[in-house]
Amino acid sequence: MTDAITSDNEYRQQRLANMAALKELGYEPFGRAFERTGRLSEIRAAFEEEKPVTAAGRLTTIRDMGKSIFADINDGSDRFQIYVQKKAVGEDVFDAFKLLDIGDHIGVDGELFITRTEEPTIKITSWTLLSKALLPLPEKWHGLKDVESRYRQRYLDLISNPDSRALFNRRIATIREIRNYLSNKGFYEVETPMMQQQAGGAAARPFATHYTALDSEMYLRIAPELYLKRLLVGGFDKVFELNRNFRNEGLDRTHNPEFTMLEIYEAYTDVSGMRELIQGMITHVADTVYGTLKVGSEAQPVDLSLPWREATYRELIVERMGDDWYDLSLDDARAKAEAEGLDLDPAWDMLMVTHEVYEKLIEKTLQQPTFVTRLPAQLVPLAKACPDDPSVVDVFELVIAGQEVAPAYTEMNDPIEQRSRLNSQAGEDAEKVDEEFLTALEHGMPPAGGMGVGIDRLVMILSGVDAIRDVILFPQLKSRE
RNA sequence: GGAGGUGUAGCUCAGUUGGCAGAGCAGCUGACUCUUAAUCAGCGGGUCCAGGGUUCGAGUCCCUGCACCUCUACCA
């Protein structure tokens, strides 16, 4: 099955024979550029009976009626019916057409008409072979269901499963609309290094590689953050980067080792500026791509109507675990959490127990968009403290459909404080601290709000799919050797 | 890392108690000038994921491995 990619079976033999026969008749099996009136979707949109058109596409079905043939071609924009009549094209051209197989790319000249069953159709006068397909397509009715084949041979999935193609069209449109939105707000899109001497800006195991010319170890970035902040120092007041991050960690339903991340930084604002921005951005995408603010799936409906709920971390904990939660002794709190079915590490303190409650019992239940604010400072070492309470930080986590979609910070711009936090984070690996970044901060980074948005996850939530592999064209899979 | 599930024709799937390997679509031959999952008649097509084992006999039972899926654990 999936490993028989170039298997030499009867289908391939038959198609090779058809190709040889066509060659014999003067048809070049692998053609060159072919000028068409337009995409099939454009031809359909400008349909006019008796209008001459030139079109191209892949043959997807053939209905042979004897002296006339109906077939469908598809160019990725649309499917369109063509009609080949022996009387109209002549016997030689007609007989040669019968040597075509489903999957072949052809170009056609003809005239538009509407059949008795009211199907817009091209009645062809001539056709050209553009590319012979030597292997068959998946079945027309059931499509390609085998999950592994759908990922490994995504092209077959895209050809035979219209839902999959539609989902990737939405992903493409989502990314385009995010860029439009941010560009219209005056943000500059920048590109910063994906290969870094130190993989900073997040805590994750990086992929390591070796740069031969410099004879040095390099890492694929786990986040662009530290470079984007250098640009804040350099005078870019509104920047974003929308591109790939790489993390050398496990694979599962919601994690792919390379994933698409949007990071946004804006000078002279703070976390509340980010809140306005993300609400505007996501509702813009929903409006323009989905045409509605009611998105997600039937099982996981999401209503993006504004305003979105805002709740402090503490409020959510108390709401779930009772007014007295923060007055309980560690033992009593543990007992209460365990009674809720949580499995707690004996070494955990109150902070960790409480956070386990948040992650396991609360976050997953936040179906509608919720800004969780005022997180404990210990959990978020790189954000600024709230002015009225240094034990909590001025951040939010936007949670939708039980998933963290966008964390935002009022960014740390004090180089002294930043250095001490990075040092304590690095522990004994002092060389892991990005000194050049700290130097940049000492030149003065304006106060700023910053935010990260996991694009794959956003697409999953808006489209209501639950596997990240379904929104990444070529997800990571193990080698089959 | 752990547990469970799946793997059969190009594709989608059946396969009973261990007893000749099945269907639909696709392919091939033939019929058919408005079909659209075209229809009708006929014909081919298998490394049953791989490797061992049990048995007179294994797609089916046992062991090992591989891939994929789900749950779980780890992962700021």
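Chain naming here is simple, since letters A, B, ... match the order of the sequence lines and numbering starts at 1 in each. On a predicted model such as this, the values are computed, not experimentally measured, just so you know.
- A:Leu156 comes within 4.0 angstrom of no nucleic acid atom, judged by non-hydrogen atoms across all strands.
- Within the 3.5 Å criterion, the main-chain N or O of A:Leu144 finds a donor-acceptor partner in the side chain of A:Asn161.
- Residues from residues 79-86 of chain A with heavy atoms under 4.0 angstrom of RNA chain B, sorted by number: A:Gln81, A:Tyr83, A:Gln85.
- A donor atom on one side chain and an acceptor atom on the other are found under 3.5 Å apart for A:Asp146 and A:Ser149.
- Put simply, the side chain of A:Asp104 gets close to the backbone of A:Ala133: a donor and an acceptor are under 3.5 Å apart.
- Residue A:Thr254 is tested with A:Asp252, A:Leu251, A:Asn256 for a side chain to side chain contact (heavy atoms under 4.5 Å, CB included); the sole match is A:Asp252.
- Nucleotide B:G24: paired with B:C11 (Watson-Crick or G-U wobble, both distances less than 3.5 Å).
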Could you write out each protein N or O paired with an N or O of nucleotides 44-46 of chain B at a distance under 3.5 Å?
unit_1 : atom_1 : unit_2  : atom_2 : d
B:G44  : N2     : A:Glu10 : OE1    : 2.9
B:G44  : N2     : A:Glu10 : OE2    : 2.7
B:G45  : O2'    : A:Glu10 : OE2    : 3.2

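- Nucleic acid contact class of A:Arg253 (heavy atoms, under 4.0 Å, all strands): sugar-phosphate only.
- For the pair A:Lys336 and A:Glu340, the salt-bridge criterion is not met [side-chain N within less than 4.0 Å of a carboxylate O].
- Backbone-only engagement by A:Arg469 is indicated by non-hydrogen atom pairs under 4.0 Å involving sugar-phosphate atoms exclusively.
- Contacts of A:Phe113 with the nucleic acid, taken as non-hydrogen atoms under 4.0 Å apart, include base atoms.
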Restricting to nitrogen or oxygen on both sides, can you table the protein-nucleotides 29-31 of chain B pairs closer than 3.5 Å?
none

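- Counting only N and O atoms by type, the side chains of A:Asn413 and A:Lys384 include a donor and acceptor under 3.5 Å apart.
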